[in-house]
Amino acid sequence: MKKLWILFGSLLSIGLLSFHSVFEQTSELLPAAPKEKLSDYGFFEGLPAAQKPAEGVVPYRLNTPLFTDYAEKLRFVKFPDGQSVAYAAEQVLDFPVGTTLIKTFYFPLDARSPEKGRRLIETRLLIHEPKGWKALEYVWNEEQTDAFLEVAGDTKELSWVDRSGQTRTQTYSIPNLNQCKGCHNSNEKLTPIGPSSRQLNGLFAYEEGAENQLIYWQKKGLLISLPALSEVPKAAVWDDTTTGTVAERAREWLAINCAHCHRPEGPARTSGLFLQTEETNPTHIGIKKTPVAAGRGSGGRLYDIVPGHPEQSILVYRLESSDPGEMMPELGRKLVHQEGIALIKEWIRSIPE
Amino acid sequence: MKYKCTLLGILVAQLTFAQADFQKNLQRELILAEDGDTIQIPAGKFSLTQTLSLEGKNRIVLKGAGVDQTVLSFKGQTEGAEGLHVSNGQQIVLEDFTVQDAKGDAIKTMQIDGITFRRVKTEWTGEPKPENGGYGLYPVLCQNVLIEYCEAIGASDAGIYVGQSKHIIVRHSRAFHNVAGIEIENSQMADVYNNEATENTGGILVFDLPDLIQKKGGNVRVFNNKIHHNNFPNFAPAGNIVATVPQGTGVLILATNEVEVFNNTLTANNSIGVGIISYFMTEKPMTDSLYYPYPSQISIHSNQFDRDRVKYQGKGRLGLLFKYKLRFGKKVPDIVFDGILDKNQTNRPALCLRQNQNATFANLDAGNNFKNVSRDSSPFDCTLLSLKEAVLSQK
């Protein structure tokens with residue numbers, strides 16, 4: 001008993017000590033002092049939770065987004081005044097210094113009827129500073145009045161009703177700042193992942209009406225050197241069969257969910273598995289490729305992808321696992337994306353043996 | 001009594017709360033650390049549920065109160081593929097703590113120039129099993145790697161694993177109950193000395209694998225190590241390259257160039273004392289045109305061999321090969337070479353053997369369907385130039 005007390009006492013004092021030093025350090029260590037509250041940036045008009053973009057803040061969507069435990073996402077970009085970005089065919093657009101990308105994660109209370117409302121969980125900012133991109137994380141309070149800066153991450157217990165009417169409860173994980181860079185990483189530099197021309201090449205329902213996002217950006221003077229739309233690559237929508245073949249949609253799903261790490265510039269380059277859409281080497285895509293450091297993530301299977309046999313493919317095993325020592329992606333999900341995996345399986349089944 | 005129980009209940013609740021705080025506060029310290037800081041972790045056993053990470057920092061010392069004094073236990077881990085993850089920095093020192101029961105790898109460090117592990121222990125508790133994490137100490141794509149006075153126990157792949165790195169010293173360390181004790185993979189300029197590798201499936205491995213970013217390993221010296229009783233049944237999950245390592249392996253060199261193995265004592269590794277094999281022996285497909293699948297310029301000299309008078313211990317296809325095809329019985333050779341030679345490469349010897357004490361030999365002639373297995377080592381009696389010492393640079 002006595003020992004417990006001592007242990008507890010020492011833990012408490014450690015906690016207090018480090019807490020104290022953190023308070024002292026926060027302000028001076030994060031460059032260009034991040035604001036404490038999301039509302040301080042003025043990205044939104046009216047109630048922050050309504051997420052109505054203020055003047056100069058443009059909403060956007062991606063054709064095939066990353067799966068994050070079934071969270072819905074609202075995306076916005078704010079350009080520095082009067083500036084624009086040049087078109088690029090394949091890579092993420094090279095946004096000018098001063099750009100902020102804003103992404104809010106939320107769950108509908110009942111996915112069958114959005115009018116019942118939603119719970120905002122977190123808003124992530126990527127701010128392009130002169131020294132490079134910086135990630136910041138804001139966590140919404142229970143009252144949904146504002147979101148507050150959090151560097152060390154958090155977890156939230158969630159309960160919501162999915163599209164089939166089933167109540168889901170889950171522990172949702174909010175990343176710490178290091179984890180942001182776990183994915184947003186190109187040659188060890190923090191970088192955006194989503195907004196490439198090919199991912200933006202699709203319609204968005206603006207207040208003024210639906211329009212192709214690239215055209216809209218061009219009209220607003222945000223995008224220059226845009227070629228004719230017919231020449232712009234277009235990412236397939238993973239769950240829309242009219243937008244691409246099974247292979248195209250599967251590769252797109254793998255690209256957005258895996259290729260931020262699994263590409264030659266990404267943190268998983270050590271594995272030799274590269275899943276960006278432009279990769280054509282079958283071994284690098286995983287076909288008959290032996291794992292390098294999978295450990296028990298291999299699930300006892302021999303190759304990343306065995307053509308014709310999703311049930312023998314390590315890639316599928318790791319996507320279906322929720323064990324942190326085996327699962328892929330390593331971060332950002334606790335649930336299995338059943339619909340996405342069904343697509344990947346269909347694709348692997350279709351690869352000739 | 002009832003009162004006491006309630007009090008204990010409150011205590012446990014508070015303790016759990018304090019531990020969640022501990023994790024968040026330590027992570028916050030790691031995020032906010034300034035270059036040059038030392039971060040102290042106090043004595044005690046702490047339960048963590050997420051990967052701890054240190055990213056983009058220079059000259060940081062992360063220091064506990066000692067091995068088994070400061071224990072970071074990841075038994076209840078629900079998030080993250082490693083216990084501790086350190087990336088993208090320079091001159092990082094990890095010392096005096098234990099990382100236990102990580103769900104994936106215990107400590108992974110990536111893209112660090114100057115990484116020191118000193119008096120660090122990684123372990124998976126309980127009987128070694130396939131559910132254990134893959135690697136214990138795991139620097140990858142690093143330069144100037146120093147691992148000393150460390151201990152690695154229970155990894156289902158390699159206890160101490162240095163991959164795709166340059167300028168490496170692994171010394172005074174102990175690897176126990178792993179599939180591979182110490183493994184140097186696709187790495188250059190490595191010295192592995194004064195270590196003990198015991199009761200692993202394989203003691204020390206030097207591997208070159210295809211399809212990786214850092215293509216070629218080489219200039220690897222393995223010397224003055226005690227490599228003994230590495231007869232533990234292989235418990236690696238299938239698919240991993242180490243799952244093919246036979247139990248009873250002392251040292252295994254796979255497709256690497258310039259490896260010098262000397263002054264080691266190899267005792268009671270009852271399948272293979274030192275094996276030298278090409279990638280063809282793995283029977284895995286090979287599509288990487290830049291990959292060189294043959295071992296070359298391998299020098300095995302001045303080692304002391306002793307083995308128990310028992311049959312080959314390994315299982316799987318290699319086990320069948322030994323049992324039915326090679327039929328060495330209890331006269332299992334200490335040094336085994338698959339005999340597959342690169343016919344376009346005749347300038348430099350593939351393998352030199354000299355002054356090994358109490359060593360028997362076999363050339364398996366594997367490229368010729370094991371037709372002319374030879375126990376005569378005299379064709380390999382030669383000397384290669386000593387390899388260069390691994391030197392770490394301090395910035």
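Every chain is numbered from 1 and lettered A, B, ... according to where its sequence line falls, protein lines coming before strand lines. None of these values were measured; they are calculated from a predicted model.
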| request: Determine the minimum heavy-atom distance between A/P324 and B/K103, stating which atoms define it. | output: CG-CG, 4.0 Å
| query | If you round to the nearest 0.5 Å, how far is CG of A/L177 from CD of B/Q27? | reply | 9.0 Å
| Using non-hydrogen atoms only, which part of B/A236 is less than 4.5 Å away from chain A: side chain, backbone, both, or neither? | neither
| query | Of the backbone (N, CA, C, O) and the side chain (C-beta and beyond), which part of A/T155 lies under 4.5 Å from a heavy atom of chain B, both, or neither? | reply | side chain
| field | Pairs of heavy atoms under 4.5 Å with chain A: top-ranked of B/L209, B/D157, B/V242, B/T78 | value | B/T78
| task | Could you have a look at A/N281, A/N185, A/L190, A/N176 and say which one has the most heavy-atom pairs with chain B under 4.5 angstrom? | result | A/N176
| Set of residues satisfying salt bridge (Lys or Arg N to Asp or Glu O under 4.0 Å) with respect to A/D323, sequence neighbours excluded | A/R296
| query | Would a 4.5 Å heavy-atom cut-off, applied to side chains only, mark A/K181 and B/N88 as touching? | reply | yes
| Beyond-backbone contact of B/Q50 with A/S173, side-chain heavy atoms, under 4.5 angstrom | yes
| field | Under 3.5 Å donor-acceptor, A/S298 side chain and B/A238 backbone | value | yes
| Which atom names give the shortest non-hydrogen contact between A/V292 and B/E185, and what distance separates them? | CG1-OE2, 3.9 Å
| message | Counting heavy-atom pairs under 4.5 Å with chain A, which one of B/S156, B/G163, B/G80 comes out on top? | response | B/G80
| request: Would you mind reporting whether A/E188 and B/E55 have side-chain heavy atoms less than 4.5 Å apart? | output: yes
| task | Answer yes or no: is there a side-chain heavy-atom contact under 4.5 Å between A/R269 and B/L141? | result | yes
| task | Look at atom NZ of A/K37 and say whether more than 12 heavy atoms of other residues, nucleotides or ligands are closer to it than 6.0 Å. | result | no
| request: Please list, in residue-number order, every residue in residues 300-307 of chain A that has a heavy atom less than 4.5 Å from any heavy atom of chain B; write 'none' if there are none. | output: A/G300, A/R301, A/L302, A/Y303
| Residue pairs, two or more places apart or on separate chains, that pass side chain to side chain donor-acceptor pair (under 3.5 Å) and touch residues 324-334 of chain A | A/Y317-A/E326, A/S321-A/E326, A/K334-B/E79
| query | By a 4.5 Å heavy-atom criterion (distance strictly below it), what part of B/Y138 contacts chain A: side chain, backbone, both, or neither? | reply | side chain
| request: Under the ring pair (Phe, Tyr, Trp, His ring centres under 6.0 Å) rule, collect the residues that match up with B/Y291, sequence neighbours excluded. | output: B/Y279
| message | Please check this pair: side chain of B/N240 against backbone of A/G295, looking for a donor-acceptor N/O pair closer than 3.5 Å. | response | yes
| Student check: side-chain heavy atoms of B/K24 and A/E150 closer than 4.5 Å | yes
| task | Tell me, out of B/N132, B/T51, B/D105, B/L30, who's got the most heavy-atom pairs with chain A below 4.5 Å. | result | B/N132
| task | Counting only heavy atoms closer than 4.5 Å, note whether A/T290 contacts chain B via side chain, backbone, both or neither. | result | side chain
| chain A: which of B/S53, B/G134, B/G104 shares the most heavy-atom pairs with it under 4.5 Å? | B/S53
| remark: NZ of B/K57 to CG of A/N178, rounded to nearest 0.5 Å, is 7.5 Å
| Do you know which of A/A294, A/G272, A/A293, A/G182 has the most heavy-atom pairs under 4.5 Å to chain B? | A/A293
| field | Contact winner vs chain A - B/Q111, B/Q214, B/Q164, heavy-atom pairs under 4.5 Å | value | B/Q111
| message | What I'd like to find out is whether the side chain of A/T270 reaches to under 4.5 Å of the side chain of B/I213, using heavy atoms alone. | response | no
| Is chain A contacted by the side chain of B/E82, its backbone, both, or neither, given a heavy-atom distance below 4.5 Å? | side chain
| task | Could you look at B/N186 and say if it's the side chain, the backbone, both or neither that has a heavy atom under 4.5 Å from chain A? | result | neither
